[in-house]
Enquirer: 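My questions all concern the structure below.
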Amino acid sequence: VEEVIEQADYLYGSGETEKLYRLLVQHKNSEDAELLWRLARASRDLAQLSSTSTEEKKQLVYEALEYAKKALEKNESNFAAHKWYAICISDVGDYEGIKAKIANAFVIKEHFQKAIELNPKDATSIHLMGIWCYSFAEMPWYQRKIAAMLFATPPTSTYKEALRYFHMAEEADPNFYSKNLLFLGKTYLKLNNKKMALLWLSKAKDYPAHTEEDKQVQKEALELLNSI
C-alpha cells in the first residue's frame, strides 16, 4: 500500500491524471482509507478534464463519491476522507437539482468542519469552508425560498464569514492556491472594499499558472480588475 501511495503522490504532483486514475482504480476494493480518498480525488480530477465526455464525467463524479464514502467508513478520523466526501457530495449535487443541493449543504459543512478540526493546518479544507460560506451569502432569492420551504432553519452565511475562512487558509499556507487569492478579492468586492479587492485580485492575476484552473483564475481576476 505504501508503495502505491508513494507512486500515486508522485503522479499527482506531476499532473498525470489519467495514469494516476489507472493506477489507483486497480485498488478500488482496498480497505485502506489513504488509498481510497486518493482514488476519489483521482476520479474527480479525471471528470474535470476537458477531454472527458459528459457521460463519462457524470459516471466518474458518482464513482468518486462511492470511493470517498468508503474511505470514511474505513477511517472516520482521516481528515482527507472527510474533505473529499464533502467535495464529492457537492459535485453530485450538480446532477440532482437545487433541492438536493440545499439538503446536502448541511452535510457538506459538517464534513469540512470535521476535516478542519482533524487537521487545522489543511489550507484547502479551510478554503472550501470559505467557498461554502460565500455560496450561501450569494444565494439568489428563489433558492432561499426553496431552502426556507425545506428547512425550519435553512443554511445561511455572510461574506464576512467567508472572508474569515479565506484569510485563515492564507495564514495556514500562504499563496497555496490561486483560487483562494481570487476569492479574497471577490469577497472584498462584495464588501465594497476596493483597495483590498485590488490587492488580492492582482495577486491572483500574477499567480503562476500551472493548471487549467489557474489559467481560468488569471482570466477572471483580470476581468474583475478591468471592471473596477
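Heavy-atom basis, side chains included; hydrogens, waters and symmetry copies ignored.
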Enquirer: Would you check if L184 and N180 make a side-chain contact, meaning some heavy-atom pair closer than 4.5 Å?
Expert: yes
Enquirer: Indicate whether any N or O donor in one side chain lies under 3.5 Å from an N or O acceptor in the other, for Y10 and E6.
Expert: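 No.
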Enquirer: Indicate if Y177 and L182 have the same hydrophobic cluster label, given that clusters are the connected sets of ILVMFWY residues with side-chain heavy-atom separations under 4.5 angstrom.
Expert: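 No, no single cluster joins them.
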Enquirer: Restricting to pairs with a member in residues 79-96, which pass side-chain hydrogen bond (donor to acceptor under 3.5 Å, both in side chains), not counting sequence neighbours?
Expert: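 Every pair satisfying side-chain hydrogen bond (donor to acceptor under 3.5 Å, both in side chains) with a residue in residues 79-96: R44-D91, Y62-E96, H82-H111, K83-D122, D94-K101.
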Enquirer: Can you name the closest pair of heavy atoms from A137 and R144 and give their distance?
Expert: O-NH2, 3.1 Å
Enquirer: Is the CD atom of E76 crowded by more than 12 outside heavy atoms at less than 6.0 Å?
Expert: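 It does not: E76 CD has 12 such atoms or fewer within range.
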Enquirer: How many angstroms lie between CD1 in I228 and NZ in K195, if you round to the nearest 0.5 Å?
Expert: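 The NZ atom of K195 is 14.0 Å from CD1 of I228, to the nearest 0.5 Å.
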Enquirer: Indicate the atoms forming the closest heavy-atom contact of T52 with K57, along with that distance.
Expert: CG2-N, 3.7 Å
Enquirer: Looking only at side-chain N and O atoms, does D214 offer a donor or acceptor that is under 3.5 Å from a partner on S178?
Expert: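 Their side chains do contain a donor-acceptor pair, which is all the 3.5 Å distance test asks for.
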Enquirer: Is it true that atom CD of E18 has more than 12 heavy atoms of other residues, nucleotides or ligands lying nearer than 6.0 Å?
Expert: no
Enquirer: Between L118 and N78, which heavy-atom pair has the shortest distance, and what is it?
Expert: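 Looking at all heavy atoms of both residues, the shortest contact is CD1-C, 4.1 Å.
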Enquirer: Given 3.5 Å as the limit, does a donor-acceptor pair link the side chain of R38 with the main chain of E34, or not?
Expert: yes
Enquirer: Going by heavy atoms in the side chains, are D45 and Y21 under 4.5 Å from each other?
Expert: no
Enquirer: Are F112 and V92 linked, directly or through intermediate hydrophobic residues, by side-chain heavy-atom contacts shorter than 4.5 Å (ILVMFWY only)?
Expert: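 Shared cluster, yes.
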Enquirer: How many angstroms lie between CG in N175 and NZ in K203, if you round to the nearest 0.5 Å?
Expert: 6.5 Å
Enquirer: Mark yes or no for whether Q26, through its side chain, and R22, through its backbone, hold a donor-acceptor pair below 3.5 Å.
Expert: yes
Enquirer: Is there a side-chain contact between Y159 and Y134, using heavy atoms and a 4.5 Å cut-off?
Expert: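 Side chain of Y159 against side chain of Y134, heavy atoms only: contact under 4.5 Å found.
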Enquirer: When you look at E66 and E63, which way does the side-chain contact (heavy atoms from CB on, under 4.5 Å) test go after all the steps?
Expert: CA-CA 5 Å; E66 279 311 302; E63 211 177 282; 5.7 Å; no
Enquirer: Is there a side-chain contact (heavy atoms from CB on, under 4.5 Å) between Q113 and K109 once you walk through the steps?
Expert: CA-CA 6 Å; Q113 283 175 328; K109 183 180 187 181; 3.6 Å; yes
Enquirer: Say you draw a straight line from CZ of F79 to CD1 of I116; how long is it, rounded to the nearest 0.5 Å?
Expert: 11.0 Å
Enquirer: Would you kindly confirm whether L60 and W37 end up in one hydrophobic cluster when ILVMFWY residues are joined by side chain heavy atoms under 4.5 Å apart?
Expert: no
Enquirer: Please find the pair of heavy atoms, one from A105 and one from P155, that lie closest to each other, and give the distance.
Expert: CB-CG, 4.0 Å
Enquirer: Is L39 close to L35 at the side-chain level, that is, under 4.5 Å between some pair of heavy atoms?
Expert: no
Enquirer: Over all heavy atoms of both residues, which pair between A71 and A33 is shortest? Give the atoms and the distance, please.
Expert: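 Nearest pair, atom of A71 first, then A33: O-CB, 3.5 Å.
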Enquirer: Hey, are S157 and E161 close enough side-chain-wise for a donor-acceptor pair under 3.5 Å?
Expert: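 Looking only at side-chain atoms, S157 and E161 do form a donor-acceptor pair, the distance falling under 3.5 Å.
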Enquirer: So that I can tick it off, tell me whether K70 and E73 are bridged by a salt bridge, with the cut-off set at under 4.0 angstrom between side-chain N and carboxylate O.
Expert: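 Not counted as a salt bridge, because no side-chain N and carboxylate O are separated by less than 4.0 Å.
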Enquirer: If you take the centroid of each ring, where Trp contributes its six-membered ring, are Y165 and H127 closer together than 6.0 Å?
Expert: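 Ring centres of Y165 and H127 not closer than 6.0 Å.
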Enquirer: Could you please spell out the steps behind the salt bridge (charged side-chain N to carboxylate O under 4.0 Å, His left out) verdict for E138 and K190?
Expert: CA-CA 9 Å; E138 198 178 42; K190 295 281 187 189; 3.4 Å; yes
Enquirer: Would you say that more than 12 heavy atoms from the other residues, nucleotides or ligands in this model lie under 6.0 Å from the NZ of K74, or not?
Expert: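 Atom NZ in K74 is packed in, count exceeds 12.
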Enquirer: With a 4.5 Å cut-off on side-chain heavy-atom distances among I, L, V, M, F, W and Y, is there a chain of contacts connecting L199 to F176?
Expert: no
Enquirer: Would you say Y207 and W200 are hydrophobically clustered, going by side-chain heavy atoms of ILVMFWY under 4.5 Å?
Expert: yes
Enquirer: Decide side-chain contact (heavy atoms from CB on, under 4.5 Å) for I146 and K99; before the verdict, give the C-alpha distance in whole Å, the side-chain angles of both, and the deciding distance to 0.1 Å.
Expert: CA-CA 7 Å; I146 297 170; K99 275 189 184 174; 3.9 Å; yes
Enquirer: Can you check whether M139 reaches I102 side chain to side chain, under 4.5 Å on heavy atoms?
Expert: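 Yes - at least one pair of side-chain heavy atoms lies under 4.5 Å apart.
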Enquirer: To the nearest 0.5 Å, how far apart are CD1 in I5 and OG in S30?
Expert: 8.0 Å
Enquirer: Could K186 and E220 be called an ion pair, given the rule that one side-chain N must be under 4.0 Å from one carboxylate O?
Expert: yes
Enquirer: Would you give the length of the straight line joining atom CG of L23 to atom OH of Y12, rounded to the nearest 0.5 angstrom?
Expert: 15.0 Å
Enquirer: If you measure from CD1 on I98 to NZ on K145, what distance do you get to the nearest 0.5 Å?
Expert: 14.5 Å
Enquirer: Looking only at non-hydrogen atoms, find the nearest pair between K160 and L191 and report the distance.
Expert: CG-CD2, 4.1 Å
Enquirer: Please check this pair: side chain of E170 against backbone of L181, looking for a donor-acceptor N/O pair closer than 3.5 Å.
Expert: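 Side chain of E170 to backbone of L181: no pair is present.
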Enquirer: Are L20 and T17 close enough that some pair of their side-chain heavy atoms sits under 4.5 Å apart?
Expert: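 Contact flag for L20/T17 side chains = no.
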Enquirer: Taking the side chain as every heavy atom from C-beta outward, state whether V25 and Y67 have any atom pair closer than 4.5 Å.
Expert: yes
